[in-house]
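The figures that follow rest on heavy atoms only: side chains count, while hydrogens, waters and symmetry mates do not.
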Protein chains: 2
Amino acid sequence: MELDDTDRAILRILQENARTPFSEIARRIEMSSATVHDRVGRLEDAGVINGYHADVDAKKVGYGVSALVGLRVEQGREEDALSRLREIDGVQAIHLTTGEWDVMLRVYAKDTDALRDLMFDNVAAMDGFSRSQTMIILGTDYESAGPPI
Amino acid sequence: MELDDTDRAILRILQENARTPFSEIARRIEMSSATVHDRVGRLEDAGVINGYHADVDAKKVGYGVSALVGLRVEQGREEDALSRLREIDGVQAIHLTTGEWDVMLRVYAKDTDALRDLMFDNVAAMDGFSRSQTMIILGTDYESAGPPI
DNA sequence: TCTGAAACCATCACCTG
DNA sequence: CAGGTGATGGTTTCAGA
């Protein structure tokens, strides 16, 4: 799908605040809200917009600890290993990467004890992984809502 | 702030789809939309909800490559180094971590050439960093919209 | 891409237990 | 004091141009 400047303007607004009324988007890009409605529908259908999510503060809902976990996967066990990772509560993202690690996870845990349990009882107990490294996120200095548009 | 089951139900719905009308949330949790309106306002004020963002597909807006970058920061240069990282276009997140790296970035680039430029012209050219490692994200197997609630 | 109209929704002041 | 009611003005949505 080809995006024009109008599409990009709409995407920027919805990336910044997904609850912006179409009528306000219309005012800002100087078009009718019917057009905005139309274009947003098309962006959703084309998979350019994949959803709208409230940004919920992890600490405030009881997840005091977050970490990045690097994993090495044994040859041939990839699919099996990944499907079991997906089932673990607290695993937020599973990225397949080049470099030192085959898989990088982003995980949430209540506290460091819960993180230890998550790593030992779940990840380390799985076979298919030969090595892991946990990097606790001490803080997040900056984070945007997605790619620049 | 103390969250009760009603708050958590609202958070789950808005995390899943931030554009859900309050009237529909009200139906689903069996309360009036005035109450939903009220509670959402309180969750926003308390910083439990920090915004609502459209999930925009990076590839579809021209960012074909994404990577995780580990950095070592020289002692005493932390604040200076971080503030310059924040200015680089394509840097989506800056996490301070324990372990092998002091800082982990999530970056977006148009293609591998653009990623090389980003790393060489921007990151490596900065002083304050002594070592770096780039892990290209080949794919994302799973990703949730935030912490479990 | 727009206009226009009907259905729908957010929001607020004011009640109620 | 959390929750509800009801009025009103704004918003979404869709057909038709």
Side-chain angles (χ1 to χ4, degrees), chain A residues 1-64 110 144-149, chain B residues 1-63 144-149:
Chain A
M1 186 193 184
E2 255 328 85
L3 301 179
D4 63 17
D5 290 348
T6 303
D7 291 324
R8 277 188 286 268
I10 293 171
L11 290 173
R12 269 193 298 271
I13 292 168
L14 289 174
Q15 188 187 59
E16 213 262 306
N17 178 8
R19 286 189 71 92
T20 311
F22 290 0
S23 58
E24 188 191 325
I25 300 175
R27 275 192 293 278
R28 285 163 60 179
I29 67 173
E30 295 176 304
M31 291 205 174
S32 73
S33 41
T35 302
V36 174
H37 181 255
D38 221 68
R39 281 182 179 251
V40 170
R42 229 145 359 92
L43 291 166
E44 289 170 348
D45 292 345
V48 181
I49 295 175
N50 272 308
Y52 307 94
H53 306 289
D55 176 0
V56 176
D57 187 304
K59 280 190 186 137
K60 301 239 160 101
V61 294
Y63 290 89
K110 235 192 266 299
S144 75
I149 300 169
Chain B
M1 185 193 183
E2 259 323 89
L3 301 179
D4 63 16
D5 290 349
T6 303
D7 291 323
R8 277 187 286 270
I10 293 171
L11 289 173
R12 268 193 297 272
I13 293 169
L14 288 175
Q15 188 186 58
E16 213 259 303
N17 178 8
R19 285 189 71 92
T20 312
F22 290 0
S23 57
E24 188 191 325
I25 300 176
R27 275 193 293 279
R28 284 163 60 179
I29 68 173
E30 295 176 303
M31 290 204 175
S32 73
S33 44
T35 301
V36 174
H37 181 255
D38 219 68
R39 282 182 178 253
V40 171
R42 229 144 1 92
L43 291 165
E44 289 170 348
D45 293 344
V48 181
I49 295 175
N50 272 306
Y52 307 94
H53 306 289
D55 176 2
V56 176
D57 187 304
K59 281 193 185 135
K60 300 241 160 97
V61 294
Y63 292 88
S144 75
I149 301 170

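- Residues A:L14 and A:I25 form a side-chain contact, since some pair of their non-hydrogen atoms from C-beta on lies under 4.5 Å apart.
- Considering only heavy atoms from C-beta on, A:F22 comes within 4.5 Å of A:V40 through its side chain.
- Taking 4.5 Å as the limit, every side-chain heavy atom of B:T35 sits out of range of all side-chain heavy atoms of B:I29.
- Put simply, the side chain of A:K60 never gets that close to the backbone of B:E2: no donor and acceptor are under 3.5 Å apart.
- Taking 4.5 Å as the limit, every side-chain heavy atom of A:V56 sits out of range of all side-chain heavy atoms of B:N50.
- A heavy-atom distance below 4.5 Å is not found between the side chains of A:I49 and B:D55.
- Checked for salt-bridge contact, A:R42 and A:D45 miss the test: no charged N lies under 4.0 Å from a carboxylate O.
- Residues of residues 17-29 of chain B having a heavy atom closer than 4.0 Å to DNA chain D, listed by number: B:R19.
- Heavy atoms only, all atoms of each residue included: B:D7 and B:L3 are closest at OD2-CA, 3.7 Å.
- Under the 4.5 Å side-chain criterion, counting only non-hydrogen atoms from C-beta, A:R39 is not in contact with A:L11.
- Summarising the geometry, atom OH belonging to A:Y63 is positioned 5.5 Å from atom NZ belonging to A:K110; distances are rounded to the nearest 0.5 Å.
- Between A:V61 and B:P147 the shortest heavy-atom distance is CG2-CG, 4.0 Å.
- Residue pairs meeting the side-chain hydrogen bond (donor to acceptor under 3.5 Å, both in side chains) criterion with at least one member in residues 9-25 of chain A, sequence neighbours excluded: A:E24-A:R28.
- Along DNA chain D, read 5' to 3', the first and last nucleotides having any atom under 4.0 Å from a heavy atom of chain A are D:dT11 to D:dC14.
- Rounded to 10°, the angle separating the first-five-pair axis and the last-five-pair axis of the helix from C:dT1-D:dA17 to C:dG17-D:dC1 equals 30°.
- Of the residues in residues 41-49 of chain A, none has a non-hydrogen atom less than 4.0 angstrom from any atom of DNA chain C.
- Of all heavy-atom pairs between B:S33 and B:A26, the closest is N-CB, 3.6 Å.
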Nucleotide by nucleotide, nucleotides 12-17 of chain C touches protein heavy atoms under 4.0 Å in the pattern (B base, S sugar-phosphate only, - none) B-----
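- At the phosphate of C:dT1, neither OP1 nor OP2 sits under 4.0 Å from any side-chain N or O atom of A:T35.
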Step by step, work out the side-chain contact (heavy atoms from CB on, under 4.5 Å) result for A:I13 and A:I10.
CA-CA 5 Å; A:I13 292 168; A:I10 293 171; 5.9 Å; no
